[in-house]
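So the structure is just underneath, and the comments pick up after that.
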Amino acid sequence: MLGPRPFQRLHNLLKRFTPWQILIGALTTLYAAHHADLLLGLTPAEPEKKMFSRRYTRGYTRGLWILSALDAGFFTSQNIRPKILRDTMSTVFSVYYLFFPKRAVEKNNMMLKTITATHMRRSWEKMLHPVIRAMTWINAPRLGLHRQITITLSKSAGHHSDARVNLTVFFKGSADEYAKQSVFILDIPGGGFVSMNPKCHADYLMAWAGQTGLPIVSIDYKKAPEFPFPQGLNECFDVYHLIVSTKGACIGLNSNVEPRIAIAGDSAGGTFSAAVMNMIIEHSPALPRPVGLLMVYPCMLVGMDFWISNDDLAVIEDEIARGPIPSHFLKARPGHGDGMTLNSKGAFMDDQVLGSTFLRALMVMYIGGDPALDLKSNYLVSPIYTPDHILAQYPRTYIISGEKDPLVDDSIIFMAKLRRAKRAASADMESDTLRIVSEVSHAFLHMSGVVPEMRDLVRVVGEELMDMLKPPQELPQQAWGEASSQSLAEDDKSVSDLVQVDVHRATISNPRQVSPFVVQWEQNNTRDAIAIYEHRRVAYLDQLGIETNDE
């Protein structure tokens with residue numbers, strides 16, 4: 001008995017197929033029924049799709065895809081014990097997520113909802129994974145010196161605390177050659193204030209050491225939330241203080257001359273670089289100062305405001321008025337003049353590297369909940385509030401950030417304030433430089449190992465460091481200034497149609513003279529720091545699901 005007639009017909013239809021074919025067909029039918037809206041194109045556009053499409057350059061998109069897969073793999077394996085099994089499974093999971101990038105984004109977004117310092121460290125310190133360390137070593141230049149130094153800080157010597165701080169030295173030459181050096185780079189590595197020691201930055205630090213031929217000394221300062229503000233910052237300043245007071249002897253140098261130092265830092269390290277510079281300038285008695293300051297995508301404003309204040313907007317517009325910026329860019333920005341101009345934290349709040357949820361968690365851990373801390377004025381927490389009289393004393397400064405970075409406005413506003421302060425004090429500002437890399441976001445230095453295009457960017461920053469640390473030079477007095485003063489003296493007139501000027505010897509000790517490669521790269525890969533606001537508007541409309549015709 002085959003049952004009712006409809007079932008008899010179904011039986012006759014299916015008996016021509018094997019059981020395996022029937023199983024596959026049934027599963028396929030169930031999948032099609034469950035995902036009919038997706039197969040028919042009825043689902044709304046998702047922000048994640050834009051993350052891996054037109055928002056970024058092809059190279060950065062590839063790097064973001066790889067880093068996202070690694071993050072998801074490390075998150076998935078974080079509770080596995082022992083460590084050797086966790087390292088193995090994190091590799092397996094990361095390979096899986098490379099083939100399923102949407103699953104990687106979903107995993108990372110889920111983790112961000114309950115992110116902790118442990119989670120961040122497991123994810124961001126992926127450079128310590130044995131496989132990734134091996135890949136970094138293979139691609140890195142061969143260095144003669146790569147070692148760790150431990151220095152001791154003491155309250156009795158004027159430091160903020162009694163502590164031992166580890167430093168990592170990268171140098172192309174031998175140990176004997178290192179001891180004779182009097183010029184070096186002091187690096188303050190980033191990591192959101194909570195993670196990442198110098199080894200996590202070894203890929204580009206080793207590249208800089210090989211490129212420049214100069215020692216790079218990177219600080220492993222204490223991290224939040226166990227050591228919130230200002231403990232990590234104080235350690236970075238104390239390390240600088242000890243180095244200059246011992247003329248480098250504390251780090252193994254015996255040149256017995258005052259060292260020439262450039263301070264460099266990325267992300268949170270860029271924040272510390274500016275804050276340390278403020279502490280150096282204000283220190284009494286006076287300390288020898290760095291000859292250059294390099295900051296890569298720094299966080300200059302610790303806070304979650306999503307609007308640019310009118311005061312900050314006025315500083316930016318003053319720079320526009322002084323430069324060859326077309327006036328229509330002024331009209332392109334929404335909310336002009338009413339305090340409602342969207343800043344980069346608001347425009348890129350869904351950023352895959354530094355989304356607003358992630359940023360808020362980092363800042364809360366760093367500040368530590370101190371109720372006495374005034375976040376609207378403390379320029380050691382947020383260097384964007386640095387007073388003009390301090391900014392006017394800054395050395396040659398170079399800032400580079402991504403156009404789509406949530407922190408890019410920090411760099412734009414800070415550089416505008418720096419130039420305003422130096423202009424008012426008649427200080428050298430010709431060598432101060434801000435570069436906004438087109439169509440990339442945060443952490444591009446960490447992509448140099450997987451994205452060939454980012455290696456050129458690392459080389460550009462390395463050449464900037466070399467140019468900062470070149471031997472000082474004194475420019476001759478301007479001929480037209482001498483002629484004007486001489487004419488006034490000869491005529492001995494009480495009234496003259498010549499304008500009297502203050503003629504003094506130029507103060508530019510290290511004018512920017514980068515190579516043709518850097519000039520060409522900047523022309524091809526950077527946008528004007530102010531013209532990006534129209535692209536910012538388009539990015540914001542993207543988040544709202546509003547179609548635009550931006551090319």
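These values consider heavy atoms only, across backbone and side chains, with no hydrogens, waters or symmetry-generated copies.
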| query | Hey, would you say the F237 and F272 ring centroids sit under 6.0 Å apart? | reply | no
| Any donor-acceptor pair under 3.5 Å linking the side chain of S382 with the backbone of Y379? | no
| Cationic tip of K223 above Y221 ring, under 6.0 Å, 45° of axis | yes
| How about M127 and R133: do any of their side-chain heavy atoms sit closer than 4.5 Å? | no
| message | Which residue in the set T168, N166, D187 passes side-chain hydrogen bond (donor to acceptor under 3.5 Å, both in side chains) when paired with S218? | response | D187
| query | Can you check whether K470's main-chain N or O pairs, donor with acceptor, with R260's side chain at less than 3.5 Å? | reply | yes
| Tell me, do P189 and M196 make a side-chain contact under 4.5 Å, heavy atoms counted? | no
| Does the separation of the ring centres of Y97 and F93 fall below 6.0 angstrom? | no
| field | Beyond-backbone contact of E106 with K102, side-chain heavy atoms, under 4.5 angstrom | value | yes
| field | Any donor-acceptor pair under 3.5 Å from S267 side chain to G269 backbone | value | no
| message | Tell me whether H442 contacts the main-chain N or O of P406 through its side chain, where contact means a donor paired with an acceptor under 3.5 Å. | response | no
| message | Treating E464 as the side-chain partner and V460 as the backbone partner, does any N or O pair qualify as donor plus acceptor under 3.5 Å? | response | no
| said: Looking at W65 and L98, would you say the former's side chain and the latter's main chain have a donor-acceptor pair under 3.5 Å? | reply: yes
| field | Between W208 and F171, ring centroids under 6.0 Å | value | no
| task | Identify the residue among D410, D409, D305 that makes a salt bridge (Lys or Arg N to Asp or Glu O under 4.0 Å) with K345. | result | D410
| message | Just so I know, are the side chains of K417 and L391 near enough to count as touching, which here means a heavy-atom distance under 4.5 Å? | response | yes
| query | Would you say F75 and R122 make side-chain contact, with heavy atoms under 4.5 Å? | reply | no
| query | Is any NZ, NE, NH1 or NH2 atom of the basic residue among R459 and D456 found under 4.0 Å from an Asp or Glu carboxylate oxygen of the other? | reply | no
| field | Shortest non-hydrogen contact between S441 and D405, atoms and distance | value | OG-CA, 3.6 Å
| Does a salt bridge link R419 with D432, judged by any charged N lying under 4.0 Å from a carboxylate O? | no
| field | Side-chain (H159) to main-chain (S161) donor-acceptor, under 3.5 angstrom | value | no
| request: Not counting sequence neighbours, which residues clear salt bridge (Lys or Arg N to Asp or Glu O under 4.0 Å) with E453? List them please. | output: R62
| Close side-chain approach of Y297 to I399, heavy-atom, < 4.5 Å | no
| remark: K222 meets the salt bridge (Lys or Arg N to Asp or Glu O under 4.0 Å) criterion, sequence neighbours left out, with E235
| task | Without swapping roles, check the side chain of S448 against the backbone of M454 for a donor-acceptor pair under 3.5 Å. | result | no
| Using a distance-only test with no angle check, is there a side-chain donor-acceptor pair under 3.5 angstrom linking S377 and D374? | yes
| Are the side chains of L354 and D351 in touch, meaning some heavy atoms are under 4.5 Å apart? | yes
| query | Is a donor on one side and an acceptor on the other found under 3.5 Å between the side chain of N108 and the backbone of A72? | reply | yes
| said: For the residue pair N278 / Y394, report whether a side-chain donor-acceptor contact shorter than 3.5 Å exists. | reply: yes
| Between D467 and R512, is there a side-chain N and carboxylate O pair less than 4.0 Å apart? | no
| said: Tell me whether D71 is salt-bridged to K107, with the criterion being a basic N under 4.0 Å from an acidic carboxylate O. | reply: no
| message | If we count only N and O atoms by modelled type, under 3.5 Å, do the side chains of Y398 and R435 hold a donor and an acceptor together? | response | no
| task | Could you tell me whether the side chain of V440 reaches within less than 4.5 Å of the side chain of K404, counting heavy atoms only? | result | no
| query | Is the side chain of D266 donor-acceptor paired with the backbone N or O of G190 at a distance under 3.5 Å, no angle test? | reply | yes
